[in-house]
Each structure stands twice: as structure tokens, then as C-alpha cells.
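Structure first, commentary second.
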Amino acid sequence: MERVFIGDLRQHIGAKVKIKGWLQTLRDQKKMQFLIVRDHTGLVQVAFEKQTDTAMAEKISGLGAESAVVITGLVVDNPIVKLGGLELQLHTLEVESNAAAPLPLDPFAETLPSLDYRLDWRFLDLRRPQAQAIFRVQTTAVMAMREYWLQNGFIEMHSPKLMGSASESGAEVFAVDYFERKAYLAQSPQFYKQMAMAAGFERVFEIGPAFRADPSFTSRHMTEFTSVDMEMSWIDSHEDVMAFQERWLQYVYQRVKDKHDAEIREHFGFDLLVPAVPFPRIPMAEAREIVEKMGYRIPPEKKGDIDPEGERLIGKYVKEKYGHDFVFLTDWSINVRPFYHMRHPENNNITRSFDLIASGLEITTGAQREHRYDVLVKQAQEKGLSLDSIQFYLDFFRYGCPSHGGLGLGLSRLMMVMLNLSNVREAVYLFRGPTRLTP
RNA sequence: GGGGGCGUGGUGUAGUGGUUUAACAUGCGGCCCUGUCAAGGCCGAGAUCGCGGGUUCGAAUCCCGUCGCUCCCGCCA
């Protein structure tokens, strides 16, 4: 007998069917037993009259909550049943895997344990439909990203995560034993994306892990995260990258809304808003003025930069003034940008770069890259980098490399913003932080 | 790395110097009732109040240290 999804049972009234799922609740009475069974499409009540088969009744009584079961039975219409007005009259029960009692974490308790405890028992935590909805939405979002890229001539790449030397910053990389020497985990596919530009790929994207050895204890940082990266050639400025990103994100939001509108409303309690293009753009210098005018004093050490509180305020300002959740902060000072960001020809102190702030949270950094070898070398030296260690990278620009730019986006941060989650640890399948390496 | 907050049965909380043999909810076990449906009722097991030291006649409660968690800053996606 073919398995029928619980959500489709209405179409099988009067038929004998097989369902597979988890025993969410067992109401074990004197004469009757009611099993509430869940699969990823919904819940159904299974009824069993104990006197018809006392051995079966005992078997049912022994089931722990959240046991994995396969049940066959007759689907009957029954308006008295509050759960969908139908039920399954049990014929056979196969216990695929009994669940020990008590559960360390009850996914369906009215109060949720602390996040840290939930992460200890993540596989049980993830049985909550709301948690699963996050990853259904993410699947659609990633699919939409790929669709849009493919429609626009992008090539997918997979760059190595083991590197022979720490890339530009050095301080925040993980070192791992690599036979007789050290290797380093990539904090970004940045250099390899640019290599693809030098290789003539013109447009590339990569969705892959990135590693940061910063001991960051915040609701938005992870030591390992999924980075969404893209790079495109023959651009005129960072404006081309922003123009691409906003349409790309609009497409992603539209696809998610088309597919998950009801689900998001049910589990997260709001209507997903597809952002209008163009997104507002505010140069950093202007953003600082706006925030100061709002009465916030940016810490003095933040020259040419803005702090997270400032970003939240800018997010608020843009929401009020333009009714928009997204804002590009552009033209950052060279002091706070890496050497490979291209500088404005008319003002050499600012870069052709941007961050995308979504609901006050930084989710993207992007820029036009410097592709002129001599300028790049000069900028690297200015930042005090040893040319030897990046020579392989510098070589990309010696034999014909087009102008290019791109961006990196934190996938879980996007999910956080899209679904209004307060902590990345909710938005990622398994969290990795300075003190968490399990499960 | 710096700062704030928290740490009480499995889980979530109350109690913030003495009437606490540490309470409540939920979960777990048992019994009763019932075509149940956020089920209901009764009984029971389960916490030396993170750990160590100190103050005090007396500490879950105050102090110090330590560990863990958490949030913010730094760093960033």
C-alpha cells in the first residue's frame, strides 16, 4: 500500500490508506485510544476501539510520545473530530522506532526551553513545524537565487576551503594540521571569485561555508556560516553590483512569497513584504550625519564608519522615510575597507563599496574591486601587506583582467531578516560558535 | 578581548536572609472517569537551589572566586 500524506487524507475518505509519521499525542482511554499522528504535511487523529484487539491496545499503550509509526486504516469523515473533521480507523500499526520516555525536549510543549538547551537536542527541536518552515523557506530562497543567476549567465563555482596561507587579514583564520604543515580555513571565497574573473568566467556565484576565528558572542555571529557570494565582470562601478543585488533579492522574496505566504503568516505571524526597487542608497558620510541628527553620538573611534547601533538607527530612518526595510550604505572610508576595494577616482579616501542593511542588520558587503595591478599593489603596500603572501592573487591582474565587483551575503542572516528571527542560531541548521562544536 | 544579565526537580518559572520538610506549571509513572480532541480528577517519583569558599545564630537568598549560558561592544556575513 502506498503511503498517503496526512495533508491529503481528505481526498481518500472511505479508502484504506497507509500513513507514516510521529505519534504526537496519545489519548489512552478505557475503551478508546486516540493517536494524533504528524507528518510534514499535517496532523490526523487515529482512533482505535480497544476491545476489538486487546493485544493491539497494549501495543498502543506502550508507545512513547514522538515514536515513529506506520499505520494503516480506513479514512472516515467525522465532523465531531476537531482536527480536520476526519479520522483514521486503525487497522494495523507498525512501530518503526519507539521513543523513550520522557523526552529530553518536548517539541510541542507550550513553553520552549532556552535556545542553548534546544541546540543540545536540535533534532527534537527541529521537529517543530515552525523550525522546519525556516528551512523550507531557505530552500526556496536558495533555489530562487540560483534561478536568477542562471537567467543572467552566471557560472556556479566551488572554491577550496583549505588554503595554504591566511588571506588578507590573517588574524581571524582557523589553522588546521595539514600533513607536515599548517593549512587555513577560508574566511571567504573572495580571492577565488576574483580569479574566476581573471579566468574569463565573467559572472560567478558560490554558496558555501566560510570560517571566522573571531570569538564573537552575539546573536548574529557564527564561526562557520554559509556564505552566498557572487562576482561579475565588466562593471562600471559598485552601482552595477547594487542594481543587480536588489533585483536578485526582490526575485528571491517574490518566489518565497509565492510559495510560502500562508506558511509564513501561520508560523511567524506576518505578511512577507517583497521589497521595491531601487533600494534606498545612502553614502556613509551622509548616514553619519543622519544618525547624529537623530541624536546618536557615533563612538569617536569610528572614523568613516558606523557602529551596529548606528546601523539600526539608519534602518529605522529608512523605514520611516521611505517605508523600506533595505538600505545600501555606500562609499565607505578606505580606513575600514580592505586593500582590494576600488577607490573613487574623484575622492581617494572613499571606496566604491557598500553594505546592505536589512531591518537594521548588516547582511552584505560588496564593492567594485581594484583590477589595475599597479594600483592594487600600491594599496596593498599602504595597508602594510606583504606582497609575497598574496602574489598568487596579484598575478590574477597581470595578464588581462576585466573590471569587476561582487558581494558576499550571509545566508542565515538573510533568513533571520526575512523571517524576523531574533537569533541566527534559530536560522541555521546547526550552530557553530566559539563554545559550540556539537551536535 | 571588554562590559551587563542570568544559573532553583527533565523542562519553564516562583521564592531574593529565618513560619521552606524549597512552591507552581508542564513532562514522567500509577489509578479513576470519559469518543477523547489545549481532555479532566486523584496519587506518586523527581532539586542537597551550577560549583568552591566566606559573612551570619541562620544562606537558594548577601560577599568573593570559578564554571556555564546569554546579550551588548569590538570583529563581521
Side-chain angles (χ1 to χ4, degrees), chain A residues 24-36 43-50 61-62 64-66 76 78-87 89 99-121 124-125 169 171-173 187-190 207-229 298-299 301-302 305-312 336-338 355-358 361-366 407-417 422-425 427-428 433-436:
Chain A
Q24 188 161 319
T25 306
L26 170 63
R27 284 192 264 278
D28 198 350
Q29 303 181 184
K30 196 170 194 178
K31 292 177 188 159
M32 293 291 299
Q33 287 168 322
F34 298 98
L35 302 84
I36 309 303
L43 295 167
V44 69
Q45 170 168 296
V46 178
F48 183 67
E49 214 170 320
K50 287 166 98 170
S61 293
E66 289 297 308
V76 296
N78 187 348
I80 294 164
V81 179
K82 292 180 182 170
L83 192 61
L86 60 78
E87 68 182 4
Q89 288 174 349
L103 294 164
L105 183 153
D106 176 2
F108 299 94
E110 65 270 39
T111 52
L112 227 45
S114 69
L115 185 54
D116 193 54
Y117 185 79
R118 284 165 52 202
L119 298 186
D120 286 339
W121 295 96
L124 290 173
D125 182 51
S169 67
E172 71 247 3
V173 293
Q187 341 123 284
S188 159
Q190 184 57 37
I207 299 175
F211 304 89
R212 303 275 163 95
D214 303 302
S216 297
F217 297 91
T218 74
S219 56
R220 63 184 188 281
H221 284 90
M222 300 187 272
T223 48
E224 174 177 353
F225 64 95
T226 300
S227 185
V228 177
D229 280 89
I298 299 170
E301 67 273 14
K302 289 267 168 189
D305 197 359
I306 198 163
D307 63 339
E309 179 60 18
E311 288 179 345
R312 285 188 279 271
V336 293
R337 290 305 207 191
D355 273 14
L356 178 62
I357 311 297
L361 179 70
E362 181 180 333
I363 62 168
T364 282
T365 294
L407 60 89
L409 172 144
L411 180 60
S412 298
R413 284 196 181 179
L414 177 67
M415 296 315 296
M416 239 178 119
V417 165
S422 59
N423 197 309
V424 257
R425 289 163 227 190
V428 68
T435 60
R436 182 170 285 276

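In what follows, chains are A, B, ... by sequence order, proteins preceding strands, each numbered from 1. These figures come from a predicted structure and were not determined experimentally. Values below: all heavy atoms of this structure, side chains included; hydrogens, waters and symmetry mates excluded.
- A/Asn423 comes within contact range of the sugar-phosphate backbone alone, with a heavy-atom separation under 4.0 Å but no base atom that close.
- Across all strands shown, A/Ile80 has heavy atoms under 4.0 Å from base atoms, whether or not it also approaches the sugar-phosphate.
- Counting any heavy atom pair closer than 4.0 Å across all strands shown, A/Ser227 reaches no nucleic acid atom.
- Within 4.0 Å of A/Gln24, counting heavy atoms only, lies no atom of the nucleic acid at all.
- Among the heavy atoms of the strands lying under 4.0 Å from A/Asp307 are primed sugar atoms or P, OP1, OP2 only; no base atom is included.
- Within 4.0 Å of A/Arg312, counting heavy atoms only, lie sugar-phosphate atoms of the nucleic acid but no base atom.
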### Query
Under the side-chain contact (heavy atoms from CB on, under 4.5 Å) criterion, do A/Leu105 and A/Tyr117 qualify, and how do the steps go?
CA-CA 8 Å; A/Leu105 183 153; A/Tyr117 185 79; 4.1 Å; yes
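- Backbone-only contact: A/Glu110 has heavy atoms under 4.0 Å from sugar-phosphate atoms and none from a base.
- Helical stems in RNA chain B, defined as runs of 3 or more consecutive Watson-Crick or G-U wobble pairs with both donor-acceptor distances under 3.5 Å, are listed by first residue as B:1-7 with B:67-73, B:10-13 with B:23-26, B:28-32 with B:40-44, B:50-54 with B:62-66.
- Using a 4.0 Å heavy-atom cutoff across all strands shown, A/Ser114 reaches sugar-phosphate atoms only and no base atom.
- Proximity of A/Pro308 to A/Glu362: side-chain heavy atoms (C-beta onward) are nowhere separated by under 4.5 Å.
- Taking the nucleotide of RNA chain B with the nearest heavy atom to each of A/Leu119 and A/Phe34, the more 5' of the two is matched to A/Phe34.
- Remark: side-chain polar atoms of A/Arg413 are not paired, donor with acceptor, to backbone N or O of A/Val424 under 3.5 angstrom.
- Looking at heavy-atom distances under 4.0 Å, A/Arg436 makes no contact with the nucleic acid at all.
- A/Phe217 comes within contact range of at least one nucleobase, with a heavy-atom separation under 4.0 Å.
- Nucleic acid contact class of A/Thr218 (heavy atoms, under 4.0 Å, all strands): base.
- No side-chain heavy atom of A/Met32 sits under 4.5 Å from any side-chain heavy atom of A/Lys50.
- Side-chain contact between A/Gln45 and A/Ile36: present, with at least one pair of heavy atoms (C-beta onward) separated by less than 4.5 Å.
- Of all nucleotides in RNA chain B, those with any atom nearer than 4.0 Å to a heavy atom of chain A start and finish, going 5' to 3', at B/G1 to B/A77.
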### Message
Show, in sequence, the C-alpha distance, side-chain angles and deciding distance for A/Gln24 and A/Glu66, and conclude whether the side-chain contact (heavy atoms from CB on, under 4.5 Å) test is met.
### Response
CA-CA 5 Å; A/Gln24 188 161 319; A/Glu66 289 297 308; 4.3 Å; yes
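- In this structure, A/Pro299 reaches neither bases nor backbone, as no heavy-atom distance under 4.0 Å exists between it and the strands shown.
- Between the side chains of A/Ser114 and A/Asp116, no donor-acceptor pair is found at a separation under 3.5 Å.
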